[in-house]
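These notes concern the structure reproduced below.
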Amino acid sequence: MTTVEHSPALAPLRQARERFLSDRPLPDDVPDEVLAAWRRARFFGVRHDLDGPVHDPELPADSALLEAARPVLDRIAPALGHSAMLLTDERLRVLWTTGEVPGDDRCRDLSEREVGHNSAALALRTRRRAEVHGPEHFLDVWQDVSAVSVPLLAPDSGQVLGTVTVASALCAGCGPHPGAALAEATATAVEAELLARSRTAERVLLDAYTRAAAHGPDRAVVALDGRNRLVSEAAVRLATPQVLAALERSSTSERASGTRPPHDSQPPQDTGCGPVVERSNGAGGGPNRERPTDAGNGPALERSHDTGCGPVQEQPYDLTLPDGAGCTAEITPVRHEGRVLGIVAILEARPAEAPVPRLVPRPALALAGGSVPWRHAVARAVELARVPEPLLLTGERGSGKTALARELLGEREPLVADAAESPELGVKYSELADGRPLLLRHAERLAQPDVAALNSLLDEHPDVYLLVTYTPGTPPGPCFQRLLDTLAARSVTLPALRERPEDVRELLPVLAPRPAPGQPPLTWTLDALRALEEHPWPGNVTELAHVVRALAEHRRVTGPVRRAELPDPVRERPAARRLSPMEHAERTAILAALRRHGGNKARAAAALGIGRATLYRKLRGYQGIS
């Protein structure tokens with residue numbers, strides 16, 4: 001270990017940082033990603049001379065990630081030596097830490113908005129191991145610190161659940177960090193624990209569903225745990241999107257509180273326990289946490305024995321569904337090892353109403369989604385849209401920029417200009433003088449004169465009501481970059497659909513066409529849902545909408561959509577690596593040949609005009625073809 005003064009490799013970067021902080025010209029050899037991180041920190045208003053505690057985030061009262069990671073962290077903590085280890089959740093809130101590193105007592109939120117550039121934020125954004133050394137950090141307090149972080153991925157969906165970080169005194173040179181192997185091993189062990197718990201949870205939910213459905217084929221049963229959804233044939237006609245959304249909310253509330261609501265059909269209340277940040281002293285110990293227990297003498301759906309507690313009996317209760325739901329729901333929480341995993345709902349049609357679902361208003365597509373990245377982006381956009389000033393929405397094609405812009409405008413009818421249809425705007429400021437908003441789509445395709453006109457308009461009228469959608473692609477020219485810089489202070493980046501796979505299930509009922517009178521809504525098997533969630537969706541929500549509508553319009557069978565009905569690129573697992581356009585076309589041709597010949601590789605190879613050995617080699621190379 002060395003200090004900054006004894007690290008020749010980092011000395012130029014340290015000098016560049018000092019020049020950046022004093023607004024002096026920078027040398028040309030500053031890495032682009034480091035300079036961009038410093039600029040983001042300045043844009044977010046982060047103080048480099050941290051002189052007190054930063055934002056203290058509100059932590060979850062019961063973290064499933066921390067619960068799964070605790071046994072692993074307690075085993076590893078004694079071997080850390082002079083290093084420190086931190087566990088964060090998907091919002092970079094520090095859930096657990098051991099050891100000492102400068103600033104760790106004040107930095108409980110590692111998001112770039114609070115502390116600037118750091119390895120945990122970088123690992124979360126890139127979804128791979130990341131290292132940050134000394135002056136690459138923005139904070140003064142971390143100038144003598146090297147850190148390596150590894151993202152934690154959900155075993156079923158691949159969603160980033162948090163990060164594991166190992167921090168130490170500044171390493172000689174600038175990498176690799178000596179704790180990299182330890183961080184990787186810790187992350188692998190935590191993910192293995194998450195996988196084991198996930199499989200156990202699925203078995204418990206399936207057992208509870210099977211017991212509830214065993215009373216006969218006419219019983220309408222729905223089981224949910226936030227990831228899986230089991231719907232009996234009798235429940236298909238009753239489980240409208242409106243009903244399923246209410247059941248999902250009830251399941252989420254149950255899992256968050258772990259307690260049974262009273263019989264007045266109100267949602268479960270919090271136990272009153274405050275958030276807990278755990279700090280270990282490296283001896284494997286940690287604060288004890290009391291688990292809430294339930295009372296009640298009703299029939300038990302799931303019994304378990306907590307340490308020091310008797311058997312827990314879950315009492316069913318009635319859930320109040322929205323008006324027009326057409327049915328009632330009796331809810332029973334599913335509990336395992338003292339923790340609520342999900343719910344089982346028994347649906348019954350109201351006597352005075354037919355079980356055919358009514359047409360109810362659907363949630364806006366732009367607001368559909370409960371994932372953390374999507375909620376944060378929408379909340380930020382709603383907050384900015386309260387002031388009628390320029391707003392920039394960026395994101396990949398099909399990610400929902402225009403839909404969100406129209407939702408933000410509400411009932412106000414904007415002037416609409418689409419640079420993809422005509423690169424010349426043809427809009428004058430006089431048309432905006434009465435406060436009418438302008439929705440500018442595909443700003444990346446604007447002609448140079450209109451870019452200059454927009455820059456002049458914003459210079460003269462910085463408060464003009466303007467919503468701009470922008471899809472990044474080729475590097476922007478100087479004039480367009482100036483426009484982006486002007487709009488950057490009021491901008492929101494929408495996450496791609498592959499970055500929020502848990503939202504796919506919530507999007508499906510919104511994207512599906514309304515069923516014909518007397519017909520059930522489109523439903524999906526668990527296998528089909530997993531395929532939809534695993535697909536990378538290069539066209540994002542727009543591509544998903546095309547798939548859903550095509551299935552709804554052309555299906556000739558009834559019942560839930562099976563995996564075999566999905567298009568080939570969606571049905572098959574994604575390739576293990578990014579493919580070139582030629583490889584993608586070749587992979588698609590192989591998939592089609594295998595499907596035509598019932599999976600017979602010899603016949604598929606003959607039809608493609610290649611040898612069997614070549615086909616097997618290509619199958620191994622693509623690794624996503626089963």
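Bear in mind the structure is a predicted one, so any value in this text is a computation, not a measurement.
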Practice task
Kindly indicate, with the supporting measurements, whether the criterion salt bridge (Lys or Arg N to Asp or Glu O under 4.0 Å) is fulfilled by R530 and E202.
Solution key: CA-CA 13 Å; R530 289 195 182 97; E202 288 185 357; 3.4 Å; yes
Rounded to the nearest 0.5 angstrom, the CD-CZ distance for Q15 and R24 is 9.5 Å
### Message
Is the shortest side-chain heavy-atom distance between L391 and V468 below 4.5 Å?
### Response
no
Problem - Aromatic ring pairing F20/W38, orientation class (parallel under 30°, perpendicular over 60°, tilted between) - result: tilted
Shortest non-hydrogen pair, A531 vs V570, comes out as CB-O, 3.7 Å
Find out whether N118 and L139 are in side-chain contact, i.e. whether some heavy atom of one side chain is under 4.5 Å from a heavy atom of the other. no
| query | K401 side chain to L494 main-chain N or O, any donor-acceptor pair under 3.5 Å? | reply | no
Shortest non-hydrogen pair, G162 vs L65, comes out as CA-CD2, 4.3 Å
The side chain to side chain donor-acceptor pair (under 3.5 Å) partner of Q159 among E533, E502, E90, E499 is E502
Rounded to the nearest 0.5 angstrom, the CG-CG distance for L10 and L170 is 5.5 Å
Taking CZ in R40 as the centre, count heavy atoms belonging to other residues, nucleotides or ligands within less than 6.0 Å. Is the count above 12?
yes
Backbone N or O of L384 within a donor-acceptor pair of the R490 side chain at under 3.5 Å? yes
- Just wondering, do R91 and S111 contact through their side chains at under 4.5 Å, heavy atoms? no
Worksheet item: Do T394 and T493 meet the criterion of a side-chain donor-acceptor pair at a distance under 3.5 Å?
Response: yes
Got more than 12 heavy atoms from elsewhere within 6.0 Å of CZ, R375? yes
Please examine the side chains of V372 and D89, heavy atoms only from C-beta on, and report whether any two atoms are closer than 4.5 Å. no
Flag this pair as yes if the NZ/CZ of R500 is under 6.0 angstrom from the six-membered ring centre of W374 and inside a 45 degree cone about the axis; otherwise no.
-> yes
CG of L35 to NE2 of H117, rounded to nearest 0.5 Å, is 11.0 Å
*Could you go step by step and tell me if D450 and R445 meet the salt bridge (Lys or Arg N to Asp or Glu O under 4.0 Å) rule?*
CA-CA 10 Å; D450 280 314; R445 301 193 186 184; over 6 Å; no
message = Looking only at the side chains, is there a donor atom on one of S168 and S83 sitting less than 3.5 Å from an acceptor on the other?
response = no
Run M85 and I76 through side-chain contact (heavy atoms from CB on, under 4.5 Å) and show every step you take. CA-CA 9 Å; M85 180 173 283; I76 292 175; 3.9 Å; yes
Heavy-atom nearest pair, A16 first then L26, reads O-CD2, 3.3 Å
(message) Just so I know, are the side chains of S399 and L497 near enough to count as touching, which here means a heavy-atom distance under 4.5 Å?
(response) no
#### Entry: Evaluation steps, side-chain contact (heavy atoms from CB on, under 4.5 Å), between V492 and L392
CA-CA 6 Å; V492 177; L392 175 65; over 6 Å; no
- Message: Treating E506 as the side-chain partner and G369 as the backbone partner, does any N or O pair qualify as donor plus acceptor under 3.5 Å?
- Response: yes
Next item on the list: Return the orientation label for the F480 and Y470 ring planes: parallel under 30°, perpendicular over 60°, tilted otherwise.
Entry: tilted
Min side-chain heavy-atom separation L161-L153 under 4.5 Å
no
**Request:** Report the C-alpha distance between E444 and H442 in whole Å, list the side-chain angles of each, state the deciding distance to 0.1 Å, and finish with yes or no for side-chain hydrogen bond (donor to acceptor under 3.5 Å, both in side chains).
**Result:** CA-CA 5 Å; E444 68 280 358; H442 302 108; 5.0 Å; no
| said: Quick one, D109 with V94, criterion side-chain contact (heavy atoms from CB on, under 4.5 Å). Give me CA distance, side-chain angles, the key distance, then yes/no. | reply: CA-CA 6 Å; D109 184 337; V94 178; over 6 Å; no
With no hydrogens and no angle check, just 3.5 Å: does a side-chain donor-acceptor pair link S371 and D503? yes
* Asked: Any side-chain heavy atom of L87 within less than 4.5 Å of one from T97?
  -> no
Taken to the nearest 0.5 Å, the spacing of D463 CG from L466 CG works out to 11.5 Å
Hydrogens and angles aside, do T542 and N540 bring a side-chain donor and acceptor to less than 3.5 Å of each other?
no
Checking E543, E396, E534 against R498 for salt bridge (Lys or Arg N to Asp or Glu O under 4.0 Å), the one that qualifies is E396
Inset, instruction - Examine distances only and state if a side-chain atom of S251 and a backbone atom of E248 form a donor-acceptor pair shorter than 3.5 Å. - result: no
So that I can tick it off, tell me whether D459 and R482 are bridged by a salt bridge, with the cut-off set at under 4.0 angstrom between side-chain N and carboxylate O.
yes
| said: Between D49 and R47 (salt bridge meaning N to carboxylate O under 4.0 Å), is one present in this structure? | reply: yes
Got a salt bridge between R125 and E112, using NZ or NE/NH1/NH2 to carboxylate O under 4.0 Å?
yes
Correct closest heavy-atom pair for A120 and T165 would be CB-OG1, 3.8 Å
> Looking only at atom types and distance, does a side-chain atom of H137 sit under 3.5 Å from a main-chain N or O of W142, one as donor and one as acceptor?
Replying inline: yes
Check: So, are R14 and E18 salt-bridged, with charged N and O less than 4.0 Å apart?
Finding: yes
dist W96:CH2 -> L73:CG (nearest 0.5 Å) comes out at 4.5 Å
State whether a side-chain donor-acceptor pair under 3.5 Å links T402 with R441. yes
side-chain contact (heavy atoms from CB on, under 4.5 Å) between L446 and L454, worked out: CA-CA 10 Å; L446 279 173; L454 271 179; 3.7 Å; yes
Shortest non-hydrogen pair, L341 vs D225, comes out as O-CB, 3.3 Å
Exercise for review: Side-chain contact test, heavy atoms from C-beta onward, threshold under 4.5 Å: evaluate it for V160 versus R127 and give yes or no.
Suggested key: yes
| field | Pair T126-R128, side-chain donor/acceptor within less than 3.5 Å | value | no
Between V132 and S119 the two heavy atoms that sit nearest each other are CG2-N, 3.5 Å
H177-S146 side chain donor-acceptor pair, cut-off 3.5 Å: no
>> So that I can tick it off, tell me whether D23 and R42 are bridged by a salt bridge, with the cut-off set at under 4.0 angstrom between side-chain N and carboxylate O.
In response: yes
CZ of R75 to OG1 of T186, rounded to nearest 0.5 Å, is 9.5 Å
